[in-house]
Amino acid sequence: MEFITAINIKDIIDILIVSYVIYKLILLVRGTRAIQLLKGIFVVVVTWALSTWFKLSTLQWMMNQMFTFGVLAVIIIFQPELRRALEQLGRGALFSRTTQTETDNDLNKRVSEVLKAVSYLARRKIGAIIVFERETGLNDYVESGISIESHISSELLINIFIPNTPLHDGAVLIRKDQLMAAGCYLPLSENPFISKELGTRHRAAIGMSEVSDAVCVIVSEETGHVSLALNGHIIRDIKEEALLSKLFEELKSKTKTKEKNSIWKWRLW
């Protein structure tokens with residue numbers, strides 16, 4: 001009886017430890033684009049299970065071939081996440097507690113502070129890119145810049161983008177109510193239909209909106225016009241009232257639906 005009790009306790013401890021490690025790994029991946037790849041892997045596994053259940057030999061053979069090379073593919077695809085996990089494990093950060101909550105007041109405050117900064121920068125024709133993270137994690141791009149992890153304020157945003165300062169040439173990334181990093185590098189869009197009038201700053205914002213669900217606000221240093229990039233599209237010279245309304249609409253929503261895209265009428269490039 002004592003032996004059985006000892007085994008049960010060991011099993012419980014084992015399950016709890018493994019569950020906690022898996023939980024932390026999920027949190028680690030959730031902050032990156034790798035979560036989309038995990039969804040794809042889940043679809044492949046479900047397809048393999050269905051092909052086995054219904055005895056679809058050809059489909060099952062294809063799935064078996066994918067699993068044969070799947071381990072190597074996962075290591076290659078998730079190389080940045082695996083490296084980050086090992087680095088955090090070495091720093092002891094993998095098992096630290098992180099909580100992120102946001103209220104309507106937080107959203108009101110951060111949008112107001114950003115709009116104050118954007119208005120100031122636009123009047124003085126100071127170029128800027130401000131990226132709002134949503135469901136798709138942007139840790140890869142946060143790490144490309146200089147970590148700040150500060151509360152959002154219009155004064156801080158203005159000072160970051162003042163010309164000839166160390167951080168002005170790059171993007172600012174905002175996660176919930178925190179300004180995570182500045183001077184971040186964004187992926188340039190390769191869309192051939194983008195207007196030739198748009199420079200690198202606008203192409204970077206469009207590129208970010210193509211690879212993620214981020215919302216990007218751009219201030220042109222040539223014209224002082226404010227633009228909004230979302231879902232691979234850009235609204236040029238958007239007015240302050242429309243920008244305020246669109247930011248609240250997009251940032252308050254926790255999930256993005258196709259219906260929202262059809263409601264909003266884009267002014268394309």
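Worth saying up front: this structure is predicted, and the values here are computed from it rather than measured.
- Looking at Leu157 and Val114, their side chains come closer than 4.5 Å, going by heavy atoms from C-beta outward.
- Follow the hydrophobic side-chain contacts under 4.5 Å out from Ile15 and you never reach Ile12; the two are in separate clusters.
- Listed for the Thr165 side chain is a donor-acceptor partner under 3.5 Å among the backbone atoms of Ile162.
- Arg110 contributes a side-chain N or O that, together with a main-chain N or O of Lys176, makes up a donor-acceptor pair within less than 3.5 Å.
- Taking CD1 of Ile17 as the reference point, atom OH of Tyr20 lies at 11.5 Å (rounded to 0.5 Å).
- Remark: side-chain polar atoms of Asp237 are not paired, donor with acceptor, to backbone N or O of His225 under 3.5 angstrom.
- The closest side-chain heavy-atom distance from Lys116 to Leu121 is not below 4.5 Å.
- The backbone N or O of His233 sits nowhere less than 3.5 Å from a side-chain atom of Asn231 that would complete a donor-acceptor pair.
- Taking hydrophobic clusters as Ile, Leu, Val, Met, Phe, Trp and Tyr residues chained together by side-chain heavy-atom distances below 4.5 Å, Leu188 does not share a cluster with Leu228.
- Leu173 places a side-chain heavy atom less than 4.5 Å from the side chain of Leu186.
- The side chain to side chain donor-acceptor pair (under 3.5 Å) search around Glu197 returns Arg236, not counting sequence neighbours.
- Side-chain atoms of Met180 and Ile174, non-hydrogen and from C-beta on, never get closer than 4.5 Å to each other.
- Distance check: Leu59 CG to Lys55 NZ gives 15.5 Å after rounding to the nearest 0.5 Å.
- A donor-acceptor pair under 3.5 Å is absent between the side-chain atoms of Ser245 and the main chain of Glu241, judged by distance alone.
- Put simply, CD1 on Ile9 and CD1 on Ile13 are 7.0 Å apart, with the number rounded to the nearest 0.5 Å.
- Arg134 places a side-chain N or O within donor-acceptor distance of the main-chain N or O of Glu250, the cut-off being under 3.5 Å.
- Between Pro187 and Met208, some side-chain heavy-atom pair lies under the 4.5 Å cut-off.
- Of the possible polar contacts, one joining the Ser144 side chain to the Tyr185 backbone as a donor-acceptor pair under 3.5 Å is found.
- Residue Leu56 qualifies as enclosed at atom CG: its count of foreign heavy atoms under 6.0 Å is above 12.
- Side-chain contact between Lys252 and Leu107 is present, with heavy atoms from C-beta onward closer than 4.5 Å.
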Working for side-chain contact (heavy atoms from CB on, under 4.5 Å), residues Phe132 and Asp213: CA-CA 9 Å; Phe132 292 91; Asp213 62 352; over 6 Å; no

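- Side chains of Val219 and Ile130 form no contact here, defined as non-hydrogen atoms less than 4.5 Å apart.
- Counting only distance, with no hydrogens or angles, the side chain of Gln60 and the backbone of Thr52 share no donor-acceptor pair below 3.5 Å.
- A search for side chain to side chain donor-acceptor pair (under 3.5 Å) contacts involving Ser119 returns Arg123, not counting sequence neighbours.
- Scanning all heavy atoms of the two residues, the minimum distance from Ser147 to Ala181 falls at CA-CB, 4.2 Å.
- Under the 3.5 Å distance criterion, the side-chain polar atoms of Glu113 are matched with a main-chain donor or acceptor of Ser154.
- Each of Ile238, Ile129, Ile206, Ile218 was checked for a side-chain contact (heavy atoms from CB on, under 4.5 Å) with Ser227, and the lone residue meeting it is Ile218.
- With a 4.5 Å cut-off on side-chain heavy atoms, Trp48 and Asn64 count as touching.
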Arg175 and Glu133: CA distance, side-chain angles, deciding distance, salt bridge (Lys or Arg N to Asp or Glu O under 4.0 Å) verdict: CA-CA 5 Å; Arg175 175 180 296 157; Glu133 181 186 77; 2.6 Å; yes

